[in-house]
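Quick caveat, the model's predicted, so the values are computed rather than measured.
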Amino acid sequence: MERFDYNQPNSRERVAARRRARAGQPRSRRTQATRPGPRRAVGSWLASGRMASLVLLLAALGGLLYVGLAPRFVVRTIDVEGAEAMRADAVAELSGARGQSIWMLDTAQVAAKLKASAYIEDARASVALPDKLTIVVSERRPELRWQSGGALYLVDASGRVLDKDATAPLSNTLVIEDASNRAIQPNDHVDTDALALGRVLSLRLPAELGLRPAHISWDLGRGMYISTADNRTIIFGTSNNLDEKLAVLGTLLNDGTAFTMLDLRPSTPFYRNDVPEQATPTAATP
């Protein structure tokens, strides 16, 4: 019987040979040989937290896009503080802010636009989520004196008479003439509505109607009235319905209506003209 020699396997040498053969392969082939399957790759990606980071990034971008473009984040409410001569809605319109994105609104630019008005000396603006703009204005306030019985008196904002004014009034000083010539003393009070209306008329008449009063006067019967350089008298009474009164006056001035007295106090204002119209000369017949 023929004998055969059996060689015992040398596992260590065989493993070492395989490693040497693998090390001699190109990198692309080795990478391809060890590339994990699709399921294992997805599982590894999820386990690394990259999916959660991507979801968070997309959510953040979507949130920013919504906040920047959503209609609820545009200026809808405008609160105005400090306006007396100007109407609050006129200040809001002058700001030009309504309908703008609250994120893109430049409050410094809004304030600069407001300060360009003849009425406004200073202005500040601030925003509040989701759609509110607050405007605080300081209107130009001419120095004011109350004249009665040939004397000028200093008065404060509450209408309290402080004392006689011994100094010569400045050129921009507003003087309200008390036509009743009452004798007044320090600590007496004058009509506060007349004070406020006098300030408003001194600002709005020149700016809006091109009408500069020669005198601003007040008495118990007529209230506030003005006289013009061409001897016209316009009676305002009180500050009630002032916008409507100014609209009527503006219409008459624009139409060139001749009048010497205009009373704006009644619900239906009336006027008269005491200057007779000159007859138009006619050509003589031969």
Side-chain angles (χ1 to χ4, degrees), residues 74-102 104-146 154-160 170-176 189-213 216-218 223-226 234-251 253 264-265 269:
V74 299
V75 176
R76 300 181 184 276
T77 302
I78 302 180
D79 289 345
V80 178
E81 301 175 9
E84 294 181 6
M86 294 188 72
R87 302 189 314 274
D89 59 342
V91 175
E93 182 178 355
L94 182 61
S95 72
R98 196 180 302 277
Q100 291 193 33
S101 169
I102 202 167
M104 303 298 294
L105 186 65
D106 187 341
T107 54
Q109 186 177 7
V110 170
K113 186 181 298 185
L114 292 171
K115 286 190 284 188
S117 168
Y119 298 114
I120 298 175
E121 186 173 12
D122 193 19
R124 302 189 309 274
S126 59
V127 295
L129 294 175
D131 59 1
K132 183 179 179 181
L133 173 69
T134 299
I135 297 173
V136 181
V137 298
S138 298
E139 294 179 328
R140 292 184 172 88
R141 291 178 175 268
E143 290 292 325
L144 189 145
R145 301 292 185 271
W146 188 274
L154 298 167
V155 294
D156 64 14
S158 68
R160 180 187 296 273
L170 301 175
S171 58
N172 64 343
T173 300
L174 170 62
V175 177
I176 298 179
H189 282 78
V190 297
D191 192 300
T192 54
D193 184 74
L195 295 177
L197 182 54
R199 286 193 176 99
V200 170
L201 292 177
S202 70
L203 291 172
R204 294 187 67 175
L205 288 175
E208 297 180 15
L209 303 180
L211 179 64
R212 191 171 298 277
I216 298 180
S217 306
W218 177 90
M224 185 66 67
Y225 61 96
I226 69 166
I234 304 168
I235 305 172
F236 289 88
T238 66
S239 58
N240 293 336
N241 303 317
L242 181 59
D243 291 334
E244 290 80 354
K245 295 173 182 178
L246 290 175
V248 171
L249 176 58
T251 299
L253 294 176
L264 297 168
R265 293 174 297 175

Looking at every heavy atom in both [X] and [Y], which two are closest together, and how far apart are they?
X	Y	answer
Lys113	Leu94	CD-O, 3.1 Å
Tyr225	Trp218	CE2-N, 4.1 Å
Leu264	Phe236	CD1-CE2, 3.7 Å
Val80	Ala83	CG1-CB, 3.9 Å
Ala92	Ile78	CB-CG2, 3.8 Å
Leu209	Leu253	CB-CD1, 4.3 Å

Out of curiosity, [X] [atom1] to [Y] [atom2], how far, rounded to the nearest 0.5 Å?
X	Y	atom1	atom2	answer
Ser95	Leu105	OG	CG	8.0 Å
Arg204	Leu211	CZ	CG	13.0 Å
Leu154	Arg145	CG	CZ	4.5 Å
Thr107	Leu133	OG1	CG	8.5 Å
Thr192	Leu197	OG1	CG	11.0 Å
Ile216	Leu201	CD1	CG	6.0 Å

Is a donor on one side and an acceptor on the other found under 3.5 Å between the side chain of [X] and the backbone of [Y]?
X	Y	result
Glu139	Glu84	yes
Asn241	Glu244	no
Lys245	Ser239	no

Taking atom NZ of Lys132 as the centre, report whether more than 12 heavy atoms of other residues, nucleotides or ligands fall under 6.0 Å from it.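 No, not enclosed.
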Does atom CD of Glu208 have more than 12 heavy-atom neighbours, drawn from other residues, nucleotides or ligands, at distances under 6.0 Å?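 Atom CD in Glu208 is packed in, count exceeds 12.
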Is any side-chain heavy atom of Arg212 closer than 4.5 Å to a side-chain heavy atom of Leu205?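 Answer no - side chains too far apart.
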What residues, two or more places apart in sequence or in another chain, satisfy salt bridge (Lys or Arg N to Asp or Glu O under 4.0 Å) together with Arg76?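 For Arg76, no residue satisfies salt bridge (Lys or Arg N to Asp or Glu O under 4.0 Å) once neighbours in sequence are set aside.
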Donor-acceptor side-chain pairing of Asp193 and Thr238 below 3.5 angstrom: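 Short answer, no.
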